[in-house]
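Right, one structure below, let's go through it.
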Amino acid sequence: MGVPRQITLPSPTFDLTHHTLHNGLRVVVAPDRSAPVIGVAVLYDVGIRSEPEGRTGFAHLFEHLMFQGSANLDKLEHFRYVQSSGGTFNGSTHFDYTDYFEALPSNALERGLFLEADRMTSPRITEENLANQLEVVKNEIRVNVMNRPYGGFPWIVLPGVLFDTFANSHNGYGGFDDLERATVDDARDFFTRYYAPANAVLAVAGDLDVDQTIGLVEKHFGAIKKRRAPKRPSFGEAPLSAERRATHDDPHAPIPAVALGYRVPDPVGSLDEHLAHVLLAEALSEGDASRLQQRLVQRDQLVTDVAAYIGEFGDPFDERDPTALTITAHYPDAASLEAILRAIDEELARIAEDGLVAGELDRVRTRLVSMLLRSLDAVLSRTLNFAKFELIYGRAELIAELPARLAAVTEQSVRAAAAQLRPDRRAVLELIAGGTR
Amino acid sequence: MSGVPELTAPRKPRRLGVTERVTEHGLRVIVVRKPGVPLVEMRLRLPFASARATHPAHSALLSDAMLTGAGGFDRAGLAAAVQALGGDVSVGVDADRLLVAGNVLAANLRPLLNLLAAVLSDATYPDDEVCTERERLVEKLAIARSRAGVIAGEALAHRMWGQHPYARGLPQVDAVLASTPAQVRKLHLALVRPRRAVLVLVGDVSPSRVLDQVEAALAGWTGVAPVGRVPVLPESEPGRLLVLDRPGSVQSSMRMGAAALSRTDARYPALQLANLIFGGYFSSRWTENIREDKGYTYGPHSRIDHNVLGSTLMFDVEVATEVTAAALLETLYELGRIASLPVTKAEVDSARQYAIGSLALSTATQAGLASTLCALAAFGLGLDWVTGHPGRLAGVGVDEVSAAAAEFFAPARLTSVVVGDAQTITAPLSALVSVTTEP
């Protein structure tokens with residue numbers, strides 16, 4: 001072991017301006033005039049976890065309804081205005097938030113703000129649009145889950161094994177029965193309750209003037225009526241004390257797979273501990289030099305691939321408490337599951353007991369910072385990150401501080417993280433392959 | 001316009017400078033200084049076409065095992081060295097090229113180039129590593145071929161191109177199992193050579209210094225790969241709609257294809273716009289019909305693929321099993337409509353703005369620009385093409401788009417495949433078109 005030293009990692013720098021409208025909408029503006037493009041992102045503080053019981057998949061279905069016309073726009077017009085301006089758009093539903101965003105040439109800045117303000121004012125929720133988007137969503141689930149090998153594995157099924165409350169454990173894409181029961185009234189209630197300006201963050205970044213942009217934001221969003229933001233309940237669940245096992249049948253998968261889930265510390269309230277887990281996940285599976293690649297793929301040759309990550313969708317900064325560390329592997333021989341689990345436990349114990357080897361932590365964090373920087377190159381991805389860190393962590397500035405925070409994580413805290421990932425703390429979901437080889 | 005704000009005057013993008021050099025060993029190096037984040041994106045493209053029957057298996061295995069040993073490093077050692085630089089390197093292959101792609105903290109470009117040089121001139125392909133990768137490749141192929149879209153894509157390629165190498169994208173399992181480490185090493189020696197290869201570097205760098213670093217690092221990488229003799233692409237015969245059975249599928253995967261124009265053709269911008277109007281973006285006729293009106297699908301897509309030997313118009317959509325025939329009916333209607341009746345000026349204007357804007361967005365990042373320049377270089381095109389393309393799109397008239405649509409989107413010229421639950425979908429499809437099935 002060498003002498004511990006603090007490595008210096010490059011940090012991004014941003015010029016961030018915060019502004020809050022009288023209706024409570026929080027705004028982050030970040031100029032960057034290097035290219036004539038801008039990003040606009042609105043994040044609402046509601047996601048899969050806030051769906052009512054009996055309405056699984058509703059947050060996502062509702063996200064689709066937000067594209068179906070609004071106060072001043074007919075159906076199809078949102079898409080057409082964005083794309084005929086030379087822009088791209090999308091939206092996505094996460095466990096703790098739902099985002100709506102556009103990348104546009106900078107001459108469409110005001111248009112982009114107008115489009116988002118218009119649907120924050122009032123989306124056109126009709127029987128016809130609901131019926132149409134119900135079919136679209138069912139087809140989205142068919143293409144991504146039902147007709148695809150390993151579809152939705154493990155994010156749809158593992159939470160049901162790892163967590164206990166409805167909020168944390170249900171299928172976030174939704175069951176068809178629940179989706180079919182959704183009504184226009186449900187959607188109007190959901191909008192009124194969760195889509196208040198005070199429950200949202202707007203980020204605008206790129207080729208813009210800050211004062212002018214804040215003026216345009218006031219012009220288009222300022223008139224939206226103030227409504228009280230809902231109080232967000234705590235969703236936290238204590239770590240497991242006994243191992244849980246479950247199986248999942250996949251009719252199309254040619255070979256079995258497994259997912260291990262562990263409840264890990266609050267990513268917001270215990271950020272430094274969280275970062276130690278993030279670095280642990282990278283040390284476990286990122287690249288051919290990682291512990292589990294070397295052990296399971298190269299040495300024991302038990303698995304075809306292995307991955308360890310934090311956050312149900314692989315983004316460690318995407319969720320509040322609770323969040324999970326997940327390890328997945330595909331393997332050709334169904335009989336080798338126990339050997340795979342044993343090998344994972346041994347590798348975790350090795351890190352907990354023997355620590356990391358010289359240089360291991362530094363190379364892992366250097367690469368992690370490099371990936372973080374890379375994800376900030378595109379204006380839209382930068383915009384979404386500002387909005388996400390503002391919403392989840394209350395500080396968009398944290399993005400720029402992450403390299404220094406990661407550099408300060410000690411080997412001892414990574415070892416401590418590994419020591420928490422014991423067999424009695426995990427949920428194991430075995431995918432039974434029902435497809436033909 | 002219900003209060004929707006007008007666009008303001010567009011701002012011109014900053015001009016990027018391209019610096020190029022051909023090294024003494026014939027490697028073409030293209031460097032663009034593009035600050036933003038302190039990284040460099042790397043794309044090395046090596047021509048890798050071959051008509052040999054064993055080539056898909058050998059090249060796939062080479063690609064999977066290329067980074068398992070070089071320059072005195074074993075597999076984990078090489079990966080650790082790259083990771084310590086804040087870097088990443090991956091290798092991919094298709095019928096045209098081998099692509100070594102990566103990125104690294106800008107300050108660490110030189111050591112990454114040294115590692116790259118070791119891999120290019122001295123990859124060892126240890127027997128045990130190649131055998132490990134051979135087993136993994138077999139499993140990865142099984143997983144790929146369990147996907148309806150992959151089955152449909154392979155069937156379409158086979159119907160369009162018969163025995164041509166373009167019809168053999170993924171290798172066959174038997175051929176993979178018969179491949180040896182010695183054959184992979186031999187392929188590397190033959191084809192991983194600098195002459196005719198292109199290296200693109202885009203990022204926060206000084207181009208002249210980078211060119212010197214590349215020349216120094218790659219000085220020991222020499223030689224000329226033989227030009228792969230690959231036959232021209234055959235003209236495809238549309239034939240009947242092929243239905244492949246995938247019992248229990250809750251959706252049908254429809255794929256259609258036909259020859260298209262390459263980027264260098266004067267009519268290409270018109271065809272590009274016709275494609276957007278038909279199904280190339282969300283505000284397209286196909287999407288607005290079968291998704292936003294009928295709800296038959298999550299999303300149809302049409303696109304133009306550019307391969308070295310020819311460009312191809314491709315259509316793909318997954319539709320619910322019970323509406324498979326209805327979705328084909330609407331698709332044939334939209335194809336017939338765009339092939340037979342003129343498009344509108346509003347449609348052309350929207351598609352044009354989208355084409356210009358999305359090109360600007362896709363080349364606004366280091367990674368996007370590097371990938372674009374690397375792809376263009378294979379066709380003798382460069383940054384000029386990117387900067388000149390908005391002007392070409394601006395010059396396209398509505399009549400030219402209609403003419404391109406009439407010629408290329410005619411349903412009679414498309415080769416078509418559907419993978420789905422044959423028992424449910426064959427009869428309804430047969431009511432619309434002539435169907436053939438394969439066991």
Side-chain angles (χ1 to χ4, degrees), chain A residues 10 12 34-37 72-73 75-76 79-81 83-88 103-108 110-111 114 132 135-136 139-140 142-143 146-149 207 251-255 287-289 294 298 301 304 330 332 359 362-364 366-367 369-370 373-374 376-379 435 437, chain B residues 2-5 7-14 36-39 67 75-76 79-80 83-88 103-105 132 135-136 139-140 142-143 146-148 248-251 281-283 288 291-293 295-298 318 320 349-350 353-354 356-358 360-361 364-367:
Chain A
S34 63
V37 291
N72 291 289
L73 296 172
K75 176 161 167 138
L76 302 180
F79 311 122
R80 290 177 177 177
Y81 275 117
Q83 294 192 315
S84 67
S85 308
T88 61
L104 288 158
S106 51
N107 66 328
E110 185 174 3
R111 180 173 287 187
F114 171 89
N132 168 245
E135 289 309 310
V136 170
N139 275 310
E140 178 178 350
R142 289 185 185 110
V143 71
M146 298 163 71
N147 206 42
R148 173 192 295 242
D207 180 30
H252 297 297
I255 64 174
D288 277 357
Q294 287 200 58
Q298 298 158 32
Q301 304 191 5
T304 305
H330 297 80
D362 279 347
R363 69 170 156 77
V364 166
T366 302
R367 178 58 195 159
V369 167
S370 163
L373 292 166
R374 190 168 187 248
L376 297 172
D377 193 27
V379 68
R437 296 235 24 187
Chain B
S2 28
V4 178
L7 302 179
T8 54
R11 259 201 350 121
K12 282 223 176 306
R14 247 176 234 180
V37 289
L39 295 172
L67 303 176
R75 177 182 192 152
Q83 196 177 32
L85 302 174
D88 182 56
N103 56 80
V104 70
L105 291 173
T132 300
E135 297 305 313
R136 285 179 82 194
E139 302 304 330
K140 288 191 273 186
I143 289 174
S146 67
R147 296 176 65 154
S249 290
V250 295
Q251 277 181 330
Y281 71 152
F282 198 96
S283 309
E288 291 190 352
R291 172 179 152 132
E292 287 298 295
D293 187 51
Y296 292 160
T297 176
Y298 181 46
E318 329 288 326
D349 287 344
S350 173
Q353 278 315 115
Y354 180 77
I356 293 169
S358 56
L361 285 168
T365 61
Q366 294 168 349

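Every chain is numbered from 1, with letters handed out A, B, ... down the list of sequences.
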Are [X] and [Y] close enough that some pair of their side-chain heavy atoms sits under 4.5 Å apart?
| X | Y | answer |
| --- | --- | --- |
| L105(B) | L373(A) | yes |
| K12(B) | P36(A) | no |
| T132(B) | Q298(A) | no |
| T366(A) | Q83(B) | no |

Chain A contact via [X] - which portion, at a heavy-atom distance below 4.5 Å:
| X | result |
| --- | --- |
| A9(B) | backbone |
| P38(B) | side chain |
| I143(B) | both |
| S146(B) | both |
| D293(B) | backbone |

Could you tell me which portion of [X] (side chain, backbone, both or neither) has an atom closer than 4.5 angstrom to a non-hydrogen atom of chain B?
| X | result |
| --- | --- |
| V369(A) | neither |
| P332(A) | both |
| Q294(A) | side chain |

So which residue, [options], ends up with the most heavy-atom pairs under 4.5 Å with chain B?
| options | answer |
| --- | --- |
| L376(A), V379(A), V364(A), L104(A) | V364(A) |
| S34(A), A108(A), P251(A), P105(A) | S34(A) |
| N132(A), I255(A), T304(A) | N132(A) |

Would you call E292(B)-K75(A) a salt bridge at under 4.0 Å N-O?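 A salt bridge is present here (some side-chain N lies under 4.0 Å from a carboxylate O).
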Could you walk me through whether R111(A) and V4(B) pass the side chain to side chain contact (heavy atoms under 4.5 Å, CB included) check? CA-CA 6 Å; R111(A) 180 173 287 187; V4(B) 178; 3.8 Å; yes
Within this structure, what is the [atom1]-[atom2] distance for the pair [X] and [Y], rounded to the nearest 0.5 Å?
| X | Y | atom1 | atom2 | value |
| --- | --- | --- | --- | --- |
| E139(B) | H330(A) | CD | NE2 | 11.0 Å |
| N139(A) | T297(B) | CG | OG1 | 5.5 Å |
| R80(A) | Y281(B) | CZ | OH | 8.5 Å |
| Q83(A) | S358(B) | CD | OG | 8.5 Å |
| E110(A) | T8(B) | CD | OG1 | 8.5 Å |
| R367(A) | L85(B) | CZ | CG | 10.5 Å |

Working for side chain to side chain contact (heavy atoms under 4.5 Å, CB included), residues L39(B) and S370(A): CA-CA 8 Å; L39(B) 295 172; S370(A) 163; 3.6 Å; yes
Using a cut-off of under 4.5 Å on heavy-atom pairs, state which of [options] scores highest against chain A.
| options | answer |
| --- | --- |
| R75(B), R147(B), R14(B) | R75(B) |
| A79(B), A367(B), A360(B), S283(B) | S283(B) |
| I356(B), D349(B), N103(B), L67(B) | N103(B) |
| E288(B), Q251(B), Q366(B), Q353(B) | Q251(B) |
| G248(B), G87(B), A148(B), A364(B) | G87(B) |

Shortest non-hydrogen separation from V143(A) to E318(B) and the atoms involved: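 Minimum heavy-atom separation between V143(A) and E318(B): CG2-CG, 3.5 Å.
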Mind listing the closest non-hydrogen atom pair of S85(A) and L7(B) along with its distance?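 Taking every non-hydrogen atom into account, OG-CD2, 3.8 Å.
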Taking salt bridge (Lys or Arg N to Asp or Glu O under 4.0 Å) as the definition, give me every residue that meets it alongside R148(A), ordered by chain and number, with sequence neighbours left out.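 Testing R148(A) for salt bridge (Lys or Arg N to Asp or Glu O under 4.0 Å), a comparison that skips the adjacent residues, returns none.
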Output all residues satisfying side-chain hydrogen bond (donor to acceptor under 3.5 Å, both in side chains) with D207(A), sequence neighbours left out; order by chain, then residue number.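 By the side-chain hydrogen bond (donor to acceptor under 3.5 Å, both in side chains) rule, D207(A) matches R33(A), S106(A), R11(B).
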Checking the side chain of N147(A) only, and the main-chain atoms of V250(B) only, is there a donor and an acceptor separated by less than 3.5 Å?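 Yes; judged by distance alone, with no hydrogens or angles, the pair exists.
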